[in-house]
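Accompanying notes for the structure given below.
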Amino acid sequence: MSKELRVRVYTRTNEIGIHYARIITPQQLRSFVSKPALWRSLVTKNNREAVIAGTLVAASSQLVFQEVSDIRS
């Protein structure tokens, strides 16, 4: 297993109130992913739901990026 990656996730709300998560691609995987960040809608206008959905997005992103890193090493 390779070194554990740190995945950063930020949230943002658009002009109509929908929350989005911005997932920063780890530097080690940028040549593979080709984008410095990925955006995912959290499909809610509710702040409490956005926190929960954002946590799930962060955890799933961490798992996916770690698996890709392990395969590549």
Side-chain angles (χ1 to χ4, degrees):
M1 184 179 208
S2 66
K3 181 180 173 185
E4 185 171 332
L5 298 175
R6 289 194 52 181
V7 176
R8 295 177 295 168
V9 178
Y10 303 97
T11 59
R12 181 177 178 194
T13 306
N14 71 6
E15 61 279 350
I16 62 170
I18 300 292
H19 293 273
Y20 285 82
R22 181 175 182 234
I23 304 117
I24 307 300
T25 305
Q27 192 68 36
Q28 305 92 310
L29 298 178
R30 293 222 177 137
S31 62
F32 180 74
V33 177
S34 78
K35 291 187 178 185
L38 306 170
W39 288 91
R40 293 292 171 258
S41 172
L42 300 177
V43 196
T44 187
K45 291 184 178 183
N46 182 292
N47 287 336
R48 181 173 286 164
E49 290 175 5
V51 168
I52 294 167
T55 302
L56 293 172
V57 166
S60 62
S61 298
Q62 175 72 36
L63 288 172
V64 169
F65 283 143
Q66 191 65 54
E67 286 180 17
V68 170
S69 178
D70 291 347
I71 290 170
R72 289 181 51 100
S73 48

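Since this is a predicted model, take the numbers as computed values, not measurements.
- Within the structure, every pair that satisfies the side chain to side chain donor-acceptor pair (under 3.5 Å) test and touches residues 41-52, not counting sequence neighbours, is listed here: H19-N47, T44-E49.
- With sequence neighbours left out, the side chain to side chain contact (heavy atoms under 4.5 Å, CB included) criterion links R12 to W39.
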Report, one line per pair, each donor and acceptor closer than 3.5 Å where one atom sits in a side chain of residues 53-65; sequence neighbours left out.
| from | atom 1 | to | atom 2 | distance (Å) |
| --- | --- | --- | --- | --- |
| T55 | OG1 | V51 | O | 2.8 |
| S60 | OG | L56 | O | 3.1 |
| S60 | OG | V57 | O | 3.1 |
| S61 | OG | V57 | O | 2.7 |
| Q62 | OE1 | V7 | N | 3.4 |
| Q62 | NE2 | L5 | O | 2.7 |

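- One distance of note links CD1 of I23 with CZ of R8; it measures 12.5 Å at 0.5 Å rounding.
- R30 contributes atom CZ, which lies 7.0 Å from atom CD1 of I24 (distance to the nearest 0.5 angstrom).
- Atom OH of residue Y20 and atom OG1 of residue T13 lie 10.0 Å apart, to the nearest 0.5 angstrom.
- Scanning both residues, V9 and A21, for their nearest heavy atoms gives CG1-CB, 4.0 Å.
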